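Data first, discussion second: the structure below is written as C-alpha coordinates.
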Amino acid sequence: MKFFIDSANLEEIKSAAAFGIVDGVTTNPSLVSKEGSQESFEDLVKEICDIVKGPVSAEVLSTEYSEMISEGRKLAGIDENIVVKLPMTEDGVKATKTLSDEGINVNVTLVFSPSQALLAAKAGAAYVSPFVGRLDDVSSSGMDLVLDICEVYAHYAYETEILVASVRHPMHIVEAAKMGADVATFPYRVFTQLFKHPLTDIGLERFLKDWGKK
Ligand code: G3P
(Lines give C-alpha, C1' and ligand atoms only; values in the text may rest on other atoms or scores of the structure.)
Protein backbone atom coordinates (compact mmCIF):
# COMPACT_ATOMS: atom_id res chain seq x y z
CA MET A 1 0.00 0.00 0.00
CA LYS A 2 1.25 3.47 -0.83
CA PHE A 3 1.23 6.15 1.86
CA PHE A 4 0.46 9.74 0.90
CA ILE A 5 0.47 12.64 3.33
CA ASP A 6 -2.68 14.75 3.17
CA SER A 7 -1.22 18.15 3.97
CA ALA A 8 0.02 21.45 2.60
CA ASN A 9 2.21 22.09 5.63
CA LEU A 10 5.85 21.98 4.55
CA GLU A 11 7.18 21.13 8.01
CA GLU A 12 4.76 18.22 8.39
CA ILE A 13 5.58 16.98 4.90
CA LYS A 14 9.34 17.22 5.58
CA SER A 15 8.99 15.37 8.90
CA ALA A 16 6.96 12.56 7.32
CA ALA A 17 9.24 12.36 4.27
CA ALA A 18 12.28 11.93 6.54
CA PHE A 19 11.09 8.39 7.36
CA GLY A 20 11.56 7.42 3.71
CA ILE A 21 8.22 5.62 3.54
CA VAL A 22 6.02 8.40 2.17
CA ASP A 23 5.12 7.85 -1.48
CA GLY A 24 3.25 11.05 -2.28
CA VAL A 25 1.24 14.03 -1.09
CA THR A 26 -2.33 15.19 -1.53
CA THR A 27 -3.48 18.75 -1.03
CA ASN A 28 -6.84 20.43 -1.36
CA PRO A 29 -7.96 24.08 -1.31
CA SER A 30 -8.93 23.88 2.39
CA LEU A 31 -5.52 22.50 3.40
CA VAL A 32 -3.65 25.10 1.32
CA SER A 33 -5.76 27.96 2.61
CA LYS A 34 -5.28 26.78 6.22
CA GLU A 35 -1.51 27.32 5.85
CA GLY A 36 -2.00 31.01 4.97
CA SER A 37 1.26 30.82 3.02
CA GLN A 38 2.71 34.05 1.60
CA GLU A 39 3.98 32.27 -1.49
CA SER A 40 1.80 31.48 -4.50
CA PHE A 41 -0.06 28.16 -4.72
CA GLU A 42 2.21 27.15 -7.63
CA ASP A 43 5.38 27.86 -5.61
CA LEU A 44 4.02 25.96 -2.61
CA VAL A 45 3.17 22.95 -4.73
CA LYS A 46 6.61 23.07 -6.39
CA GLU A 47 8.24 23.07 -2.93
CA ILE A 48 6.18 20.01 -1.98
CA CYS A 49 7.33 18.28 -5.19
CA ASP A 50 10.94 19.02 -4.27
CA ILE A 51 10.47 17.36 -0.85
CA VAL A 52 8.58 14.24 -1.90
CA LYS A 53 9.61 12.63 -5.17
CA GLY A 54 6.26 11.03 -5.85
CA PRO A 55 2.75 12.00 -6.96
CA VAL A 56 1.59 15.37 -5.57
CA SER A 57 -2.09 16.17 -6.04
CA ALA A 58 -2.94 19.81 -6.74
CA GLU A 59 -6.61 20.69 -7.08
CA VAL A 60 -8.17 23.00 -9.67
CA LEU A 61 -10.53 25.70 -8.46
CA SER A 62 -12.46 26.04 -11.72
CA THR A 63 -15.76 24.25 -12.03
CA GLU A 64 -16.33 24.72 -15.77
CA TYR A 65 -14.83 22.24 -18.28
CA SER A 66 -12.67 24.53 -20.45
CA GLU A 67 -11.37 26.41 -17.43
CA MET A 68 -10.58 23.12 -15.69
CA ILE A 69 -8.57 22.07 -18.73
CA SER A 70 -6.44 25.21 -18.85
CA GLU A 71 -5.97 25.25 -15.08
CA GLY A 72 -5.13 21.54 -15.08
CA ARG A 73 -2.57 21.93 -17.86
CA LYS A 74 -0.98 24.84 -16.01
CA LEU A 75 -0.75 22.81 -12.77
CA ALA A 76 0.67 19.83 -14.64
CA GLY A 77 3.43 22.09 -15.98
CA ILE A 78 4.72 22.82 -12.46
CA ASP A 79 6.43 19.45 -12.02
CA GLU A 80 6.44 16.03 -13.65
CA ASN A 81 4.97 14.51 -10.47
CA ILE A 82 1.91 16.74 -10.34
CA VAL A 83 -1.43 14.95 -10.30
CA VAL A 84 -4.30 17.25 -11.24
CA LYS A 85 -7.14 16.90 -8.79
CA LEU A 86 -10.59 17.36 -10.28
CA PRO A 87 -13.98 17.19 -8.57
CA MET A 88 -16.48 14.45 -9.37
CA THR A 89 -18.87 16.55 -11.43
CA GLU A 90 -20.01 16.23 -15.04
CA ASP A 91 -17.46 18.84 -16.11
CA GLY A 92 -14.88 17.17 -13.90
CA VAL A 93 -15.35 13.79 -15.55
CA LYS A 94 -15.16 15.35 -19.04
CA ALA A 95 -11.99 17.17 -18.04
CA THR A 96 -10.59 13.96 -16.54
CA LYS A 97 -10.99 12.23 -19.89
CA THR A 98 -9.39 15.09 -21.84
CA LEU A 99 -6.43 15.56 -19.50
CA SER A 100 -5.87 11.81 -19.10
CA ASP A 101 -5.83 11.41 -22.89
CA GLU A 102 -3.10 14.06 -22.94
CA GLY A 103 -1.03 11.96 -20.54
CA ILE A 104 -1.75 14.10 -17.46
CA ASN A 105 -2.44 12.14 -14.28
CA VAL A 106 -5.78 13.02 -12.70
CA ASN A 107 -7.09 12.35 -9.20
CA VAL A 108 -10.89 12.46 -9.10
CA THR A 109 -11.87 13.79 -5.71
CA LEU A 110 -15.07 14.04 -3.65
CA VAL A 111 -16.15 10.51 -4.54
CA PHE A 112 -18.98 9.14 -2.41
CA SER A 113 -20.49 6.30 -4.46
CA PRO A 114 -19.42 3.29 -6.54
CA SER A 115 -21.09 4.78 -9.63
CA GLN A 116 -18.91 7.87 -9.32
CA ALA A 117 -15.83 5.65 -8.96
CA LEU A 118 -16.83 3.76 -12.11
CA LEU A 119 -17.11 7.06 -14.03
CA ALA A 120 -13.66 8.13 -12.85
CA ALA A 121 -12.14 4.85 -14.04
CA LYS A 122 -13.96 5.03 -17.39
CA ALA A 123 -12.56 8.55 -17.88
CA GLY A 124 -9.03 7.24 -17.34
CA ALA A 125 -8.29 8.79 -13.94
CA ALA A 126 -4.98 7.78 -12.41
CA TYR A 127 -6.59 7.91 -8.94
CA VAL A 128 -10.08 7.86 -7.49
CA SER A 129 -10.53 9.35 -4.03
CA PRO A 130 -13.38 7.99 -1.89
CA PHE A 131 -13.80 10.20 1.19
CA VAL A 132 -14.29 7.72 4.00
CA GLY A 133 -14.35 10.04 7.02
CA ARG A 134 -16.96 12.34 5.53
CA LEU A 135 -19.26 9.37 4.88
CA ASP A 136 -18.77 8.17 8.45
CA ASP A 137 -19.66 11.72 9.54
CA VAL A 138 -23.13 11.33 8.04
CA SER A 139 -23.80 7.86 9.49
CA SER A 140 -22.84 6.02 6.33
CA SER A 141 -19.93 3.59 6.05
CA GLY A 142 -16.88 5.01 4.30
CA MET A 143 -15.15 1.64 4.35
CA ASP A 144 -18.15 -0.07 2.73
CA LEU A 145 -17.68 2.33 -0.18
CA VAL A 146 -14.01 1.36 -0.49
CA LEU A 147 -14.98 -2.32 -0.46
CA ASP A 148 -17.57 -1.70 -3.19
CA ILE A 149 -15.04 0.13 -5.37
CA CYS A 150 -12.46 -2.66 -4.88
CA GLU A 151 -15.09 -5.21 -5.89
CA VAL A 152 -16.16 -3.29 -9.00
CA TYR A 153 -12.61 -2.53 -10.17
CA ALA A 154 -11.54 -6.16 -9.62
CA HIS A 155 -13.71 -7.22 -12.55
CA TYR A 156 -11.93 -4.98 -15.04
CA ALA A 157 -8.48 -3.87 -16.13
CA TYR A 158 -8.81 -0.21 -15.17
CA GLU A 159 -5.52 1.38 -14.24
CA THR A 160 -7.20 3.75 -11.79
CA GLU A 161 -5.76 3.41 -8.29
CA ILE A 162 -8.04 3.55 -5.28
CA LEU A 163 -6.80 6.38 -3.07
CA VAL A 164 -8.57 6.29 0.28
CA ALA A 165 -9.00 9.87 1.48
CA SER A 166 -10.60 11.73 4.36
CA VAL A 167 -8.87 9.28 6.67
CA ARG A 168 -9.38 10.13 10.33
CA HIS A 169 -7.65 7.32 12.25
CA PRO A 170 -5.29 4.33 11.83
CA MET A 171 -8.12 1.77 11.48
CA HIS A 172 -9.26 3.46 8.28
CA ILE A 173 -5.80 2.65 6.89
CA VAL A 174 -5.71 -0.91 8.25
CA GLU A 175 -9.16 -1.68 6.86
CA ALA A 176 -8.27 -0.12 3.50
CA ALA A 177 -5.09 -2.22 3.38
CA LYS A 178 -7.06 -5.40 4.16
CA MET A 179 -9.33 -4.58 1.22
CA GLY A 180 -6.33 -4.09 -1.05
CA ALA A 181 -6.82 -0.37 -1.70
CA ASP A 182 -3.79 0.99 -3.54
CA VAL A 183 -3.17 4.16 -1.56
CA ALA A 184 -4.21 5.82 1.70
CA THR A 185 -3.72 9.54 2.19
CA PHE A 186 -3.84 10.82 5.73
CA PRO A 187 -2.90 13.78 7.91
CA TYR A 188 0.49 13.89 9.67
CA ARG A 189 -1.32 13.32 12.98
CA VAL A 190 -2.62 9.97 11.76
CA PHE A 191 0.84 9.09 10.40
CA THR A 192 2.29 9.45 13.91
CA GLN A 193 -0.60 7.41 15.38
CA LEU A 194 0.34 4.45 13.16
CA PHE A 195 3.52 3.91 15.19
CA LYS A 196 1.90 3.81 18.60
CA HIS A 197 1.18 0.83 20.80
CA PRO A 198 1.34 1.00 24.61
CA LEU A 199 2.76 -2.54 24.80
CA THR A 200 5.69 -1.45 22.62
CA ASP A 201 6.47 1.38 25.06
CA ILE A 202 6.06 -0.87 28.11
CA GLY A 203 8.10 -3.67 26.50
CA LEU A 204 10.97 -1.38 25.56
CA GLU A 205 11.03 0.19 28.99
CA ARG A 206 11.19 -3.28 30.57
CA PHE A 207 14.00 -4.45 28.23
CA LEU A 208 16.08 -1.39 29.07
CA LYS A 209 15.36 -1.68 32.77
CA ASP A 210 16.26 -5.39 32.82
CA TRP A 211 19.50 -4.72 30.96
CA GLY A 212 20.35 -2.10 33.55
CA LYS A 213 19.95 -4.75 36.30
CA LYS A 214 22.83 -6.81 34.96
O1 G3P B 1 -7.74 15.63 0.77
C2 G3P B 1 -9.07 15.29 0.86
C3 G3P B 1 -9.51 14.69 2.16
O4 G3P B 1 -8.54 13.82 2.64
C5 G3P B 1 -10.09 15.60 3.17
O6 G3P B 1 -10.27 15.02 4.42
O7 G3P B 1 -10.75 15.18 6.85
O8 G3P B 1 -11.31 17.11 5.34
O9 G3P B 1 -12.63 15.01 5.25
P10 G3P B 1 -11.30 15.60 5.51
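Counting convention: from 1, in listed order, for ligands and their atoms alike. Numbers for residues simply follow the sequence, beginning at 1. In this text the structure is predicted, and so the values were computed from the model without any measurement.
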Q: Rounded to the nearest 0.5 Å, what's the gap from CD on Glu12 to CG on Asp6? Could you check?
A: 10.0 Å
Q. Charged N to carboxylate O below 4.0 Å: is that the case for Asp182 and Lys2?
A. no
Q. So does Glu71 pair up with Lys74, basic N to acidic O under 4.0 Å?
A. no
Q.
Taking the ring centre of each residue, are Phe19 and Phe195 less than 6.0 Å apart?
A. yes
Q. For Ser57 and Glu59, does a side-chain donor sit closer than 3.5 Å to a side-chain acceptor?
A. no
**Q.** Sidechain-backbone polar pair: Thr200 side chain, Lys196 backbone, donor-acceptor under 3.5 Å
**A.** no
**Q.** For ligand 1, the residues whose heavy atoms come within less than 4.0 Å (ordered by chain, then number)
**A.** Asp6, Asn28, Lys85, Phe131, Arg134, Ala165, Ser166, Arg168
